[in-house]
Amino acid sequence: MKSILENRPLLAKQVTDVAEVAGYLWQKGWAERNGGNITVNVTDVVDAEIRKLPAISDRVAIGRPLPNLKGTYFFCKGTNKRMRDLARQPMENGSVIRILDDGSHYEIIADNPVKPTSELVSHLSMHNYLIGKGSNYKAALHTHPIDLVAMTHHAPFLKKDVLTNILWSMIPETRAFCPRGLGIIPYKMPSSTELADATIKELDEYDVVMWEKHGVCSVAENIMEAFDMVDTLSKSAQIYLTAKSMGFAPDGMSQEQMKEMQIAFNLPG
Ligand SMILES: [Zn+2]
């Protein structure tokens, strides 16, 4: 069977980028077994021919109406699929789905009938929210960075913006490249609509949010940017942990030094 990616370099690039990031997640030890999910809104690179493609699956209920997603298309990692496999064979471990006109169901259109991620309701709720507020963000990433998840096992770090300030202060890049900081969501059942709703609420203020004792979720214009923000935050977490393992608490950059960064790079406050 012909792949949907054939002669479609723009769509192929989206899928190749997802595969590249999936490989990084595995290499970093953030993607045990089938851990983590990726969805990318690929509607912009879908042509008229794709719009006419018949479904290769039944219609599946998303679990809630998402009106802004009518007629949109996503590349999704498959449920129970491994990131390390997605890296090598993206179209066998992920699929392209179409959201139907009722905004409540999807169908798989290519290449294989791989059922999308178990966190589909959170991911699609985030995309629905982003479209609704006119955002140009297209990618959502969920992964399990060891250092960042470990930091959520300490109650004082769960207070608003405590982790943001610690991580920003470890290295100037984090202040610059993760300028909206890190939101915190108290523990909720994975795959639940409660987790989806709490995540959307935090996206008003943050591009990256921690799910307590579980993982991180980030949204960005593309999957590389979504990965880069988590990678940068993880770097800061590692600097913090390395200092602690040498027997001292790191001083961190001062509030003045971070303010100086904010002004120099015109970052949000
Ligand atoms: Zn997870």
Side-chain angles (χ1 to χ4, degrees), residues 4 11 14-15 17-18 21-22 34-46 50-51 53 55-81 83 86 90 93-110 113-143 183 185 188-204 206-209 211 214-223 225-227:
I4 196 174
L11 181 59
Q14 295 289 325
V15 173
D17 283 355
V18 167
V21 166
N34 60 329
N37 344 91
I38 296 176
T39 54
V40 178
N41 182 344
V42 293
T43 313
D44 282 355
V45 292
V46 156
I50 294 180
R51 291 190 172 275
L53 279 180
I56 57 168
S57 76
D58 292 335
R59 297 174 166 213
V60 183
I62 295 166
R64 59 171 21 174
L66 298 167
N68 300 333
L69 299 187
K70 285 179 188 174
T72 55
Y73 291 77
F74 291 86
F75 178 67
C76 309
K77 172 182 168 278
T79 190
N80 269 322
K81 300 293 184 187
M83 283 291 177
L86 186 71
N93 295 279
S95 52
V96 178
I97 64 167
R98 171 193 289 139
I99 310 298
L100 300 179
D101 283 343
D102 64 1
S104 296
H105 293 79
Y106 73 84
E107 59 191 14
I108 302 169
I109 60 158
V114 173
K115 196 168 178 284
T117 161
S118 59
E119 290 287 359
L120 192 69
V121 68
S122 328
H123 276 246
L124 291 184
S125 299
M126 288 191 281
H127 288 290
N128 184 68
Y129 168 80
L130 292 167
I131 291 170
K133 72 169 195 173
S135 165
N136 58 352
Y137 283 10
K138 303 263 190 267
L141 165 70
H142 164 61
T143 188
I185 296 176
K188 291 190 175 31
M189 182 68 187
S191 313
S192 63
T193 50
E194 291 73 27
L195 180 58
D197 287 340
T199 305
I200 293 165
K201 203 156 155 269
E202 289 293 285
L203 292 184
D204 257 343
Y206 304 96
D207 289 336
V208 190
V209 297
W211 293 347
H214 178 173
V216 68
C217 202
S218 73
V219 291
E221 282 181 41
N222 57 60
I223 194 62
E225 295 282 344
F227 169 75

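Residues: numbered from 1 along the sequence shown.
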Less than 4.5 Å apart, any side-chain heavy atom of [X] and any of [Y]?
| X | Y | value |
| --- | --- | --- |
| Leu66 | Ile99 | no |
| Leu86 | Lys81 | no |
| Arg98 | Leu53 | yes |
| Met83 | Ile38 | yes |
| Asp207 | Ser218 | no |
| Ser104 | Ile62 | no |
| Ile131 | Asn41 | yes |

Donor on one side chain, acceptor on other, His123 and Thr117, under 3.5 Å: no
Side-chain H-bond candidate by donor/acceptor type, Arg64 with Ser125, under 3.5 Å: yes
Search all heavy atoms of [X] against all heavy atoms of [Y] and return the closest pair with its distance.
| X | Y | answer |
| --- | --- | --- |
| Ile97 | Pro116 | CG2-CG, 3.8 Å |
| Met189 | Ser192 | O-OG, 2.7 Å |
| Lys77 | Asn34 | NZ-O, 3.0 Å |
| Phe75 | Val42 | N-CG2, 4.0 Å |
| Ala139 | Val40 | CB-CG2, 4.2 Å |
| Glu225 | Ala220 | CB-CB, 3.5 Å |

With rounding to the nearest 0.5 angstrom, report the [atom1] to [atom2] distance, [X] to [Y].
| X | Y | atom1 | atom2 | result |
| --- | --- | --- | --- | --- |
| Ser95 | Lys115 | OG | NZ | 10.5 Å |
| Arg59 | His105 | CZ | NE2 | 8.0 Å |
| Asn222 | Asn136 | CG | CG | 10.0 Å |
| Tyr137 | Leu130 | OH | CG | 8.5 Å |
| Ile50 | Tyr73 | CD1 | OH | 8.0 Å |
| Leu195 | Thr199 | CG | OG1 | 4.5 Å |

Side-chain (Asn128) to main-chain (Asn68) donor-acceptor, under 3.5 angstrom: yes
Chi angles and distances behind the side-chain contact (heavy atoms from CB on, under 4.5 Å) call for Phe74, Leu69: CA-CA 10 Å; Phe74 291 86; Leu69 299 187; 3.9 Å; yes
Working for side-chain contact (heavy atoms from CB on, under 4.5 Å), residues Leu120 and Val60: CA-CA 11 Å; Leu120 192 69; Val60 183; over 6 Å; no
Residues Val114, Asn93; criterion side-chain contact (heavy atoms from CB on, under 4.5 Å); working and verdict: CA-CA 7 Å; Val114 173; Asn93 295 279; 5.9 Å; no
CA sep, side-chain torsions, deciding dist, call: Arg51, Thr43, side-chain contact (heavy atoms from CB on, under 4.5 Å): CA-CA 10 Å; Arg51 291 190 172 275; Thr43 313; 3.5 Å; yes
Residues His127, Thr39; criterion side-chain hydrogen bond (donor to acceptor under 3.5 Å, both in side chains); working and verdict: CA-CA 9 Å; His127 288 290; Thr39 54; 2.8 Å; yes
CG/Asp58: more than 12 non-hydrogen atoms of other groups inside 6.0 Å: no
